[in-house]
Amino acid sequence: MKLKAKIIGNKVHEVGYRVFLLRKALELGVERFNAFNTKENGTQTLVALLEGNEDQKTAFVDFVRSNKPENAEVGDVTFENYQGYVISVGDYMHLMQVEQLSKGIPAILSIDRKQDKMLEKQDSMLEKQDSMLEKLDETKKEVVGEIRDLRWDLKSYMEQRLVKIESDIAHIKEKIDLN
């Protein structure tokens, strides 16, 4: 017995709905299952196909009517008999893996490109930092040189003043006859 379920709503794509239904199909022992996202009249629709015995079919219908993934927004659920081919659960799981890889590879490549750009920026920033450190080192040398020059100038000035003061004191002593 084959079944076609349509789950229609504002948010039935990208919420883990297909894996959610696959898990239930596996729990029920269903050997043939398929699910895919589509749009009908501009509305997100998930179509699930199931082939199993009457008990599996009934349990699946009950589950779909009363359960949904956490972030799903379901407006309507319909069921009808299905006449077409339904792939095996194993093939469906392989199909899901391939689909996830096809989503993941571009994301990984995008991350890789972003990482390359970040490394380029980091290299540029390190070069700027090195340049700033070199300038800082040059500035430090200039400041140290200026401080030495100032100390030398101050020392010379103070020595001249001290010689003058000693000379003035000697003159004063001489005038007041303190020798």
Side-chain angles (χ1 to χ4, degrees), residues 7-27 35-48 63-64 66-77 89-179:
I7 302 166
I8 304 160
N10 291 331
K11 190 70 175 158
V12 297
H13 296 177
E14 305 296 327
V15 291
Y17 224 130
R18 292 178 297 159
V19 174
F20 182 76
L21 296 177
L22 171 63
R23 180 179 174 151
K24 187 61 178 178
L26 290 169
E27 287 176 10
F36 55 91
N37 291 329
T38 187
K39 282 197 173 186
E40 289 187 3
N41 300 322
T43 304
Q44 292 184 7
T45 303
L46 179 131
V47 176
F63 177 79
V64 171
S66 58
N67 297 282
K68 64 180 183 176
E70 183 177 338
N71 295 316
E73 296 176 18
V74 177
D76 192 22
V77 178
V89 170
D91 286 345
Y92 179 70
M93 288 191 294
H94 286 119
L95 181 66
M96 292 289 289
Q97 288 175 331
V98 168
E99 184 178 317
Q100 294 307 310
L101 284 172
S102 71
K103 288 179 182 178
I105 290 171
I108 291 169
L109 292 174
S110 174
I111 290 168
D112 191 46
R113 285 189 296 274
K114 287 178 182 176
Q115 186 178 20
D116 287 346
K117 287 180 183 177
M118 286 174 57
L119 289 173
E120 288 173 10
K121 286 182 181 178
Q122 184 180 16
D123 287 344
S124 174
M125 288 173 62
L126 288 172
E127 287 173 11
K128 287 178 183 176
Q129 185 179 16
D130 288 345
S131 173
M132 287 175 60
L133 287 172
E134 287 173 9
K135 288 178 183 176
L136 182 62
D137 195 41
E138 290 171 17
T139 303
K140 178 183 164 188
K141 288 177 185 176
E142 288 175 16
V143 168
V144 167
E146 287 182 24
I147 290 172
R148 272 196 198 111
D149 291 347
L150 284 172
R151 281 182 52 201
W152 182 255
D153 290 348
L154 185 59
K155 182 181 174 190
S156 297
Y157 174 77
M158 293 304 285
E159 285 176 357
Q160 290 172 0
R161 295 287 298 158
L162 186 58
V163 167
K164 175 127 173 65
I165 290 171
E166 287 175 345
S167 170
D168 288 347
I169 290 173
H171 271 57
I172 293 171
K173 282 182 177 179
E174 192 178 303
K175 287 210 178 195
I176 61 169
D177 210 20
L178 278 176
N179 289 344

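Here the CG atom belonging to Asp168 is positioned 4.0 Å from the NZ atom belonging to Lys164, to the nearest 0.5 angstrom. Leu21 contributes atom CG, which lies 10.0 Å from atom CZ of Arg18 (distance to the nearest 0.5 angstrom). The line from CE of Met132 to NZ of Lys128 is 10.0 Å long, rounded to the nearest 0.5 Å. With values rounded to the nearest 0.5 angstrom, Lys39 atom NZ is found 7.5 Å from His13 atom NE2. Going from atom CG of Leu162 over to atom CD of Glu166 covers 4.5 Å, rounded to the nearest 0.5 Å. Rounding to the nearest 0.5 Å places CG of Leu26 at 5.5 Å from CE of Met93.
Considering only heavy atoms from C-beta on, Phe20 stays 4.5 Å or farther from Leu46 through its side chain. Counting only heavy atoms from C-beta outward, the side chains of Lys11 and Asn71 never approach each other to under 4.5 Å. When side chains are defined from C-beta on, Asp91 does not count as touching Leu95, because their heavy atoms never get closer than 4.5 Å.
Within 6.0 Å of CD in Glu70 there are 12 or fewer heavy atoms belonging to other residues, nucleotides or ligands. Enclosure of atom CG in Asn37 by more than 12 non-hydrogen atoms of other residues, nucleotides or ligands within 6.0 angstrom is indicated.
Looking at Ser156, its side chain does come within 3.5 Å of a backbone N or O of Trp152 through a donor-acceptor pair. For the pair Tyr92 (side chain) and Ala35 (backbone), a donor-acceptor distance under 3.5 Å is present. Ser124 contributes no side-chain N or O that, together with a main-chain N or O of Glu120, makes up a donor-acceptor pair within less than 3.5 Å.
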* Asked: Yes or no on side chain to side chain contact (heavy atoms under 4.5 Å, CB included) for Lys103 and Gln100, after CA distance, side-chain angles and deciding distance?
  -> CA-CA 5 Å; Lys103 288 179 182 178; Gln100 294 307 310; 4.1 Å; yes

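Partner Val144 forms a side chain to side chain contact (heavy atoms under 4.5 Å, CB included) with one of Glu142, Lys141, Arg148, Glu146 and no other, that one being Arg148.
Minimum interatomic distance between Gly9 and Thr43 (heavy atoms only, all atoms of both residues): O-CG2, 3.6 Å. Val12 and Ile8 get closest at one heavy-atom pair: CG1-C, 4.2 Å. Of all heavy-atom pairs between Val15 and Ala72, the closest is CG2-CB, 4.0 Å.
The existence of a salt bridge linking Glu27 and Lys24 is confirmed by a sub-4.0 Å separation between a basic side-chain nitrogen and an acidic carboxylate oxygen.
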